[in-house]
Student: 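Below is a structure I'd like to ask you about.
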Amino acid sequence: MSATWYECKVKYRKFDEASGTQKVKTEPFLVDAISYTEAESRITEEMASYLMEGEEIKITNIKVANYAEIHPFENCDRWFKSKISLIAFDEESGKERKTNMYLLVQANDVKEAFENTVSTMQDTMGEYTIPAVSESPIMDVFPYFSGDEEETERLEEFNRLKESTPTYNDDNEELAMADSLTAEAEAE
């Protein structure tokens, strides 16, 4: 059974690190559920960890999200929406048909999101293009968990990837220059 993702907009008090004060924010979260009622119940339960004791949330909107798949990646902290156009050739009309689908991919920037989308699609048999990758406002993703042992492992892996801390590759320019000079000297 494929997952149905619901985008839930939640209004709650959040600590603003820049100003050092509590601010009321409305932010979207993604939850895997069977119905709107379950989505409301699950987001209320999941948001409890974001709240201080005695605080409440207000769910301002719940809608079905149009994501075909969700892909967390290690050491990433933001979510990006990737538009994938699957290309099929219609033999009867002799024309190309494009079918669009959307993936939610975790990354640190748009370039990395594009690369993560390509790696996600690498086993695809058909042709496809990636016409758009944009940052999503989604703050967090909460997959469904039934309690099965196999699902426990998948959920743990999903959460491990999702919660891993980002690493930034700051290349050491001195070492990179030394490597390129060494490579040039060896080539001569």
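FYI, side chains are in, hydrogens and waters are out, and symmetry mates aren't considered; it's all heavy atoms of this structure.
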Student: Quick one: NZ on Lys83 to CG on Asn66, what's the gap to the nearest 0.5 Å?
Tutor: 10.5 Å
Student: Quick check for you: to the nearest 0.5 Å, what is the distance between Glu115 atom CD and Ile130 atom CD1?
Tutor: 10.5 Å
Student: List the steps and the verdict of side chain to side chain contact (heavy atoms under 4.5 Å, CB included) for Tyr67 and Leu30.
Tutor: CA-CA 10 Å; Tyr67 298 112; Leu30 215 57; 3.8 Å; yes
Student: Once side chain to side chain contact (heavy atoms under 4.5 Å, CB included) is applied, do any residues pair with Pro137, and if so which ones, sequence neighbours excluded?
Tutor: Pro28
Student: Report whether Val10 and Val64 are members of the same hydrophobic cluster (ILVMFWY, side-chain heavy atoms less than 4.5 Å apart, transitive linking).
Tutor: yes
Student: Say you draw a straight line from CD1 of Ile87 to OH of Tyr128; how long is it, rounded to the nearest 0.5 Å?
Tutor: 10.5 Å
Student: Quick one: CD on Glu69 to OG on Ser82, what's the gap to the nearest 0.5 Å?
Tutor: 11.0 Å
Student: Identify all side-chain donor-acceptor contacts of residues 91-105 below 3.5 Å with residues at least two apart in sequence or on another chain.
Tutor:
residue, atom, partner, partner atom, Å
Ser93, OG, Asp90, OD2, 3.2
Ser93, OG, Lys95, N, 3.4
Asn100, OD1, Ser85, OG, 2.6

Student: Shared ILVMFWY cluster between Phe114 and Val110, side chains joined below 4.5 angstrom?
Tutor: yes
Student: Scan for salt bridge (Lys or Arg N to Asp or Glu O under 4.0 Å) pairs involving residues 117-131, sequence neighbours excluded, and state none if there are none.
Tutor: none
Student: Could you give the distance from OG1 (Thr26) to CG (Asn61), rounded to the nearest 0.5 Å?
Tutor: 11.0 Å
Student: Do any N or O atoms from the side chain of Arg42 and from the backbone of Pro143 form a donor-acceptor pair under 3.5 angstrom?
Tutor: yes
Student: Looking at side-chain heavy atoms only, is the closest gap between Asn75 and Glu112 below 4.5 Å?
Tutor: no
Student: Could you go through the side chain to side chain contact (heavy atoms under 4.5 Å, CB included) check for Val24 and Lys58 one step at a time?
Tutor: CA-CA 11 Å; Val24 176; Lys58 181 178 181 182; over 6 Å; no
Student: For Thr120 and Phe73, which heavy atoms make the closest approach, and how far apart are they?
Tutor: OG1-CZ, 3.5 Å
Student: Would you say Val118 ends up clustered with Val133 if hydrophobic residues are merged whenever their side chains have heavy atoms under 4.5 Å apart, either directly or through other cluster members?
Tutor: yes
Student: Donor-acceptor pair, Asn108 side chain versus Asp77 backbone, under 3.5 Å?
Tutor: yes
Student: Take a 6.0 Å sphere around CD of Gln122 and say whether it holds more than 12 heavy atoms from other residues, nucleotides or ligands.
Tutor: yes
Student: Is Val31 reachable from Leu51 through a run of I, L, V, M, F, W or Y residues, each pair having side-chain heavy atoms under 4.5 Å apart?
Tutor: yes
Student: For residues 3-18, which residue pairs pass the salt bridge (Lys or Arg N to Asp or Glu O under 4.0 Å) check, not counting sequence neighbours?
Tutor: Lys14-Glu27, Asp16-Lys23
Student: If you look only at pairs with a residue in residues 7-41, which of them pass as a ring-ring contact (aromatic ring centres under 6.0 Å, His included), with sequence neighbours excluded?
Tutor: Tyr6-Tyr36, Phe29-Tyr50
Student: Using the side chain to side chain contact (heavy atoms under 4.5 Å, CB included) criterion, which residues pair with Ser35? Sequence neighbours excluded.
Tutor: Thr37, Glu38
Student: Rounded at 0.5 Å granularity, tell me how far CZ in Phe80 sits from OG1 in Thr117.
Tutor: 10.0 Å
